[in-house]
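For reference, the structure discussed in these notes is given below.
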Amino acid sequence: MMAVKMALRSIGANKMRAALTMLGIIIGVMALVVLVSLVDSATSSITSEVSSLGSSLLTVRVSDDKGIPVKLQDLENWVDTEPSIAAMAPYATSTATGKFGTESADFNVYGVTQDEYKIQSMQLIMGRFIAASDVKNSNRVCVIPEGTAEDLIGYKDCLGKEISLNGIKYTVVGVLEDEEESLATILSGGMKTAYIPYTSLMRLSTDNGSTISTFYIGAAEGYTLDQAEEVMKNLLLERFNEDDDAFSISSQNMIEEAMGRISNFLNILLGGIAAISLIVGGIGIMNIMLVTVTERTREIGIRKAIGASRRTILVQFLIEAVVLCMLGCALGIFVSWGILQIISAITVSASISFRLNGRVVVLSVLFCFLIGVIFGLYPANKAAKMKPIDALHYGG
Amino acid sequence: MIELRDVSKIYQIGDERVHALDHANLHVYPKEFVSIIGPSGSGKSTLMNIIGCLDVADGGQYLLDGMPIEAYSENELANVRNRKIGFVFQSFNLIAKLSAEENVELPLIYQGVKRAERQQRVHEALERVGLSKRAKHLPTELSGGQQQRVAVARALVTKPSLILADEPTGNLDSKTSREIMQMFQELHEQGNTIVLITHDNDIARQAKRIVHILDGRLTEVSL
């Protein structure tokens with residue numbers, strides 16, 4: 001503690017020089033912390049966008065049904081027999097022209113089962129979702145988001161109204177909360193959305209037969225998506241004669257994993273560049289410590305004369321270098337925090353919040369410490385090796 | 001206490017070998033006050049460096065408190081300087097950044113003395129040289145005489161076997177010189193062993209015993 005106090009004092013005795021020396025470390029730490037935090041924040045907000053599309057969801061595609069196509073009944077059987085699979089929803093979509101009175105709009109019509117509601121985390125505002133009986137009886141009912149209701153019908157409270165899709169009338173039984181400005185709505189390009197029973201969709205459009213080629217499954221509570229995937233895979237392998245080319249199972253997790261890999265790569269790249277600037281800063285520290293050692297030759301001589309050992313002197317100068325580095329590091333982190341606050345304030349509309357990444361802060365503290373030790377060692381050793389008589393008579 | 005037996009120190013300056021010390025013999029007994037006098041270039045500084053364990057002799061034997069010094073490593077020498085020798089230099093050699101009391105405290109820190117005991121001993125030492133009121137001052141805020149008193153306090157605080165003073169009055173005016181010499185007299189009367197190195201006859205004469213050094217050879221002047 002005493003040594004740290006002394007180090008602070010001798011740094012304080014030459015504030016301007018210390019500040020300039022630390023600048024290298026400050027800039028290095030700033031580069032490291034700000035860049036990595038930016039990449040991390042951006043990645044995590046994109047990842048959460050992706051996962052809002054439904055992260056607890058597996059997409060199963062059957063490309064070769066080998067004459068035994070998957071039917072709606074099969075999905076229901078699987079859900080009943082496999083405890084790890086919570087819900088299954090066939091995926092079928094079609095486009096249609098929707099009309100209400102004189103208003104008309106283009107629609108993406110999704111054919112769903114009662115399970116869709118569970119799998120895609122949808123929020124009902126009023127009414128109910130498509131029920132099992134609707135699917136069974138191919139009822140002409142639909143569920144629409146509130147935005148669609150307001151645009152087409154004119155008001156939200158539209159339960160019981162009938163809208164026509166490609167000329168067939170469907171009764172609105174439920175209104176959903178609008179999704180946030182998410183990737184999904186951007187991708188849908190302004191098309192309106194309607195959910196109708198899967199079986200009804202098959203009658204509405206010609207390209208959706210009773211064969212299900214794509215469906216979603218969700219994992220039951222207490223089971224992971226990986227476990228559900230494993231079970232599904234075995235079921236399908238059995239069904240399709242152990243031919244794993246006949247189908248594919250993909251998850252949103254894969255997109256997240258890909259994002260993770262990209263961000264890791266960026267972090268390593270940017271972190272590496274920042275680390276180089278930190279090393280340059282370390283060389284600055286070494287340079288100034290060498291000057292300091294020469295300037296304080298006499299002090300070293302006095303200390304040695306009154307009994308300081310080599311080790312004492314070495315530790316003294318080493319601590320000074322490390323303290324210098326750590327001060328620079330602390331300032332750098334503080335400035336980084338400020339910069340991230342400013343960037344967050346500027347980009348507030350982009351709904352990405354840039355925050356200090358804890359891991360990179362810890363990393364930069366450790367790295368600075370290491371740089372202080374490595375680049376402080378040579379000057380400190382030079383000081384420690386001085387002979388007391390030479391040092392004492394230096395400069396008078 | 002101090003025993004030099006045929007101690008030699010040779011410097012190589014260019015092609016020439018200079019005998020800074022040429023088979024010097026000296027015996028200093030406990031509680032003695034000895035001054036070593038000689039003109040500049042006589043080997044005074046070399047003698048002081050060897051007695052003070054700042055340097056090691058090339059030949060001969062040096063016993064300090066009965067222990068031969070030449071066998072010691074650098075760290076052991078540092079330890080000997082720390083515990084057995086108190087230095088008082090011509091140019092005071094205080095550390096400018098540290099206050100009077102911190103300068104005095106430094107050798108105790110190197111000894112690993114506990115904080116409470118350090119403060120106690122620093123206070124006593126500063127009291128002894130009459131500077132307890134100036135404990136918090138930096139060396140630059142003190143007069144030459146006061147700085148030298150701080151240096152004496154720093155030498156005293158470890159209770160060394162030997163106080164080694166190298167021209168302690170060289171940078172002081174005659175009035176302050178007298179005060180400092182008075183202090184050395186008192187320290188001697190209290191039982192400290194003092195070796196004083198000077199070129200000034202008046203100063204040297206205040207010691208109980210004078211040793212003359214010329215061209216690296218020592219001669220007793222009086223006993």
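What you are looking at is a predicted structure, and each value in this text was computed from that prediction instead of being measured. Naming convention: chains lettered A, B, ... in sequence-line order (proteins, then strands); numbering from 1 in each chain.
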ask   = Can you find a side-chain donor-acceptor pair between D166(B) and Q90(B) that sits under 3.5 Å?
value = no
ask   = Is it the case that Q316(A) and R311(A) place a side-chain donor and acceptor less than 3.5 Å from each other?
value = no
task = Taking S263(A) for its side chain and T43(A) for its backbone only, find out whether a donor-acceptor pair lies under 3.5 Å.
result = no
query = Between R154(B) and E105(B), is there a salt bridge with N-O shorter than 4.0 Å?
reply = no
key: Leading residue by heavy atom contact count with chain A [cutoff under 4.5 Å; candidates N93(B), L106(B), L54(B)]   = N93(B)
ask   = Who among S10(A), S309(A), P388(A), A305(A) has the most heavy-atom pairs with chain B under 4.5 Å?
value = A305(A)
message = Does any backbone or side-chain atom of L98(B) lie under 4.5 Å from a heavy atom of chain A? Answer side chain, backbone, both or neither.
response = both
ask   = Would F369(A) and F367(A) count as a close aromatic pair, with their ring centres under 6.0 Å?
value = no
request  = Counting only heavy atoms closer than 4.5 Å, note whether E76(B) contacts chain A via side chain, backbone, both or neither.
outcome  = neither
Proximity breakdown for I302(A) and chain B, heavy-atom pairs closer than 4.5 Å = side chain
ask   = Which region of R296(A), side chain (C-beta onward) or backbone (N, CA, C, O), has a non-hydrogen atom less than 4.5 Å from a non-hydrogen atom of chain B, or is it both or neither?
value = side chain
